[in-house]
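This report refers to the structure that appears directly beneath it.
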Number of protein chains: 2
Amino acid sequence: MARSIPLTASLEDYLEAIFHLENKDKVARGKDIAEALGVAQPSVTGAMRSLAGKGLVNYEPYGLVTLTEAGRREAGRIAEKHRIIESFFVQVLGVDIETAQRAACKAEHALGPAVCERLLAFTNFIEKSKQDGRDIAGQFEAFCE
Amino acid sequence: MARSIPLTASLEDYLEAIFHLENKDKVARGKDIAEALGVAQPSVTGAMRSLAGKGLVNYEPYGLVTLTEAGRREAGRIAEKHRIIESFFVQVLGVDIETAQRAACKAEHALGPAVCERLLAFTNFIEKSKQDGRDIAGQFEAFCE
DNA sequence: TTGACAACTTAGGTACTCCTAACTATAATT
DNA sequence: AATTATAGTTAGGAGTACCTAAGTTGTCAA
């Protein structure tokens with residue numbers, strides 16, 4: 001069972017971008033990856049070579065890019081981390097979505113599974129409090145006045 | 001009024017280490033900086049040159065390192081960010097201190113002032129709830145069972 | 001005062017990530 | 001089928017951040 005080799009923040013970003021493009025367009029084209037990440041095309045070529053070398057993407061020169069099984073698993077983990085962090089920022093802290101997204105993009109590379117798990121549980125706890133009528137996030141808003 | 005130039009995560013780490021060493025030992029010696037960050041000495045020399053070029057430390061070859069006014073201000077900001085994040089992890093999420101410290105070291109470079117401000121307010125809110133007898137962190141613990 | 005030792009620097013090298021400019025392959029159009 | 005536009009690649013280069021090995025400085029002790 002392949003234990004996931006630690007990736008650099010940059011490669012995680014590529015993987016995540018491919019994941020989202022596959023979910024949206026079925027395939028990931030180099031140009032779209034470049035655009036999604038705000039990098040030039042040659043940077044994508046290099047990154048694909050690197051990810052292919054780690055067995056995370058299927059890549060042939062001039063071909064389309066697809067995630068391997070391992071790549072999809074890893075990308076899913078990263079995307080979920082992102083989602084957890086962003087949700088926490090928005091739903092608990094009440095940060096605006098723009099800021100939350102930017103912050104989550106960076107923080108997703110910094111927080112390990114243990115912290116993320118706790119963060120998810122906490123956000124769920126806060127959301128549940130809304131249904132219970134306790135609305136802790138609302139209390140926090142009032143506290144901030 | 002000098003607006004703080006964005007530093008790399010690495011340079012922020014050096015600045016923070018010097019800040020803590022100055023607070024502890026009055027001065028920062030290269031060897032101790034290297035040890036604190038787990039890097040080799042030549043890495044420190046290079047970093048000091050870079051920080052000196054940005055006007056954040058006073059550095060002369062073979063001399064002791066001290067923070068400039070601007071450097072102390074910046075280092076203080078970073079150290080405070082670290083403190084805020086770590087406190088949140090421990091006091092709100094209930095993460096163990098070891099893990100919290102490691103995570104905070106990384107996250108401090110990822111979170112901007114807006115998010116950190118909210119995070120601080122939220123941690124204060126949770127702490128206050130403990131005094132009120134509502135103890136939201138305690139409720140969260142129970143929720144996790 | 002002269003070693004000897006610790007601290008520091010220089011030199012040289014690797015890895016990563018990005019860039020621009022120039023070239024090549026693919027696919028669409030006519 | 002030839003042309004042309006688009007996508008992708010190679011080549012070459014820059015900046016950051018590390019490292020080891022080798023040389024330099026400074027200080028303290030005999």
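The sequence lines fix the lettering, A, B, ..., with proteins before strands; numbering per chain opens at 1. These numbers were taken from a predicted model, which means no experiment stands behind them.
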With sequence neighbours excluded, tell me which residues meet side-chain contact (heavy atoms from CB on, under 4.5 Å) with A:K31. A:E35, A:Q41

Sorted by chain and number, sequence neighbours left out, side-chain contact (heavy atoms from CB on, under 4.5 Å) with B:R83 holds for B:E80

Can you give me the first and the last nucleotide of DNA chain C (5' to 3') that has an atom within less than 4.0 angstrom of a non-hydrogen atom in chain B? C:dA7 to C:dT10

With the side chain counted from C-beta on, respond yes when B:R29 and B:V65 share a heavy-atom pair under 4.5 Å apart, and no when they do not. no

For the residue pair B:L15 and B:V57, establish whether any side-chain heavy-atom pair is separated by less than 4.5 Å. yes

Centroid separation B:F19 to B:Y14 less than 6.0 Å: no

Aromatic contact, B:F88 with A:F88 (centres under 6.0 Å):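 Yes, the ring of B:F88 comes within the 6.0 Å limit of the ring of A:F88, centre to centre.
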
Kindly list each side-chain donor-acceptor pair under 3.5 angstrom involving residues 129-145 of chain A, sequence neighbours excluded, with atom names and distances?
| from | atom 1 | to | atom 2 | distance (Å) |
| --- | --- | --- | --- | --- |
| A:S129 | OG | A:I126 | O | 2.6 |
| A:S129 | OG | A:I136 | N | 3.0 |
| A:D132 | OD2 | A:R134 | NH1 | 2.6 |
| A:R134 | NH2 | B:Q139 | OE1 | 3.0 |
| A:D135 | OD1 | A:G138 | N | 3.1 |
| A:Q139 | OE1 | B:R134 | NH1 | 2.5 |
| A:Q139 | NE2 | A:R134 | O | 2.8 |
| A:E141 | OE1 | B:R118 | NH2 | 3.4 |
| A:E141 | OE2 | B:R118 | NH2 | 2.8 |

Just how far, in rounded Å, is P of D:dA17 from CD1 of B:I33?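 Between P of D:dA17 and CD1 of B:I33: 15 Å.
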
List, with names and distances, any nitrogen or oxygen atoms from the protein found under 3.5 Å away from nitrogen or oxygen atoms belonging to nucleotides 8-11 of chain D.
| from | atom 1 | to | atom 2 | distance (Å) |
| --- | --- | --- | --- | --- |
| D:dG8 | OP1 | A:G30 | N | 3.2 |
| D:dG8 | OP2 | A:K31 | N | 2.7 |
| D:dG8 | OP2 | A:Q41 | NE2 | 3.4 |
| D:dT9 | OP1 | A:Y59 | OH | 2.3 |
| D:dT9 | OP1 | A:Y62 | N | 3.3 |
| D:dT9 | OP2 | A:T45 | OG1 | 2.6 |
| D:dT9 | O4' | A:Y62 | OH | 3.3 |
| D:dT10 | OP2 | A:R49 | NH2 | 2.4 |

Considering only distance and modelled atom types, tabulate donor-acceptor pairs under 3.5 Å from the side chains of residues 96-110 of chain A, sequence neighbours left out.
| from | atom 1 | to | atom 2 | distance (Å) |
| --- | --- | --- | --- | --- |
| A:D96 | OD1 | A:T99 | OG1 | 2.7 |
| A:D96 | OD2 | A:E98 | N | 3.4 |
| A:D96 | OD2 | A:T99 | N | 3.2 |
| A:D96 | OD2 | A:T99 | OG1 | 3.2 |
| A:E108 | OE1 | A:H82 | ND1 | 2.6 |
| A:H109 | ND1 | A:E12 | OE1 | 2.7 |
| A:H109 | NE2 | A:D13 | OD1 | 2.8 |
| A:H109 | NE2 | A:C105 | O | 3.3 |

